[in-house]
Amino acid sequence: MFGKMFGKKNKSAGMDIKSLRALDKKAVRYVTERDNDTFRELKVGNEGAINVSNTEFTVVCGGVNTIRCAISEVNAAELMNKSGLTIKGIDLDSGKVRSVIAYYSDGTVSASRKK
């Protein structure tokens with residue numbers, strides 16, 4: 001009803017498949033997921049990349065799938081400040097509905113610092 005009042009059409013807030021495919025090989029600094037029990041953000045992966053095939057949208061960190069969804073079913077949208085991407089969908093590895101945030105990297109890997 002809200003959309004009708006202001007002349008806006010009801011449409012998905014997510015990216016289209018062409019926009020999702022443009023993210024292929026995009027470097028990711030880290031990935032977080034909200035814990036529904038504590039409402040805290042938990043880091044679930046570091047140093048990875050987004051991989052997009054003809055059928056799947058996957059975020060891989062440290063050689064492990066952080067989230068893997070069918071490209072036709074995933075709902076993804078960039079954060080307002082363009083620093084990352086929210087990804088929601090049924091994870092093909094766990095079979096559960098998941099929502100994660102992948103924060104983009106500038107493509108560089110920092111060396112560990114001396115204490």
Side-chain angles (χ1 to χ4, degrees):
M1 176 153 175
F2 179 78
K4 290 181 183 178
M5 287 177 26
F6 294 99
K8 294 182 181 178
K9 295 179 182 177
N10 290 337
K11 69 177 195 173
S12 173
M15 301 170 97
D16 61 18
I17 290 178
K18 182 180 178 183
S19 298
L20 292 172
R21 286 198 172 114
L23 294 170
D24 189 35
K25 297 182 179 62
K26 179 103 173 147
V28 172
R29 188 171 24 142
Y30 62 93
V31 178
T32 63
E33 182 172 21
R34 182 167 306 268
D35 183 330
N36 290 330
D37 296 328
T38 64
F39 301 107
R40 293 181 137 187
E41 291 287 325
L42 303 172
K43 191 179 280 189
V44 294
N46 285 312
E47 307 293 330
I50 297 169
N51 295 315
V52 184
S53 71
N54 288 334
T55 58
E56 294 181 354
F57 184 91
T58 309
V59 179
V60 179
C61 290
V64 177
N65 292 344
T66 305
I67 188 168
R68 183 172 69 98
C69 300
I71 195 165
S72 60
E73 300 295 321
V74 71
N75 186 354
E78 279 195 308
L79 300 176
M80 288 178 70
N81 65 3
K82 306 286 188 198
S83 67
L85 182 73
T86 299
I87 304 152
K88 296 178 184 177
I90 298 173
D91 186 358
L92 298 174
D93 293 330
S94 69
K96 297 178 181 179
V97 175
R98 297 191 51 216
S99 177
V100 301
I101 301 173
Y103 293 91
Y104 301 142
S105 170
D106 60 4
T108 62
V109 178
S110 61
S112 60
R113 297 178 200 233
K114 211 176 189 180
K115 292 185 178 181

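Ile90 CD1: 12 or fewer foreign heavy atoms inside a 6.0 Å radius.
To the nearest 0.5 Å, atoms CG (Asn51) and CG (Asn65) are separated by 8.5 Å. With rounding to the nearest 0.5 Å, the separation of NZ in Lys43 from SG in Cys61 is 10.0 Å. Atom CD in Glu33 sits 9.0 Å away from atom CD in Glu41 (nearest 0.5 Å).
For the pair Asn75 and Gly14, the tightest heavy-atom approach, listed with the atom from each and the gap, is OD1-CA, 3.1 Å. Of all heavy-atom pairs between Ala102 and Ile87, the closest is CB-CD1, 4.2 Å. Shortest non-hydrogen contact noted between Val74 and Ile71 is CG1-O, 3.6 Å.
Between the Asp24 side chain and the Val52 main chain, a donor and an acceptor come within less than 3.5 Å of each other. Using a distance-only test at 3.5 Å, with no hydrogens or angles considered, a donor-acceptor pair links the side chain of Arg98 to the main chain of Thr66. Asp91 places a side-chain N or O within donor-acceptor distance of the main-chain N or O of Arg68, the cut-off being under 3.5 Å.
Annotation: side chain of Leu79 is in contact with side chain of Ile101 (closest heavy-atom distance under 4.5 Å). Contact annotation: the side chain of Glu78 approaches that of Tyr104 to within less than 4.5 Å [non-hydrogen atoms, C-beta and beyond]. Looking at heavy atoms from C-beta onward, Met15 lies in side-chain contact with Leu85 at the 4.5 angstrom threshold. Taking 4.5 Å as the limit, some side-chain heavy atom of Thr86 sits within range of a side-chain heavy atom of Ser99. The shortest side-chain heavy-atom distance between Ile50 and Phe57 falls under the 4.5 Å cut-off.
Scored by the side chain to side chain contact (heavy atoms under 4.5 Å, CB included) test, Asn54 finds Arg21 as partners (sequence neighbours excluded).
Linking ILVMFWY side-chain heavy atoms closer than 4.5 Å, directly or via other members, places Ile17 and Ile67 in a single hydrophobic cluster.
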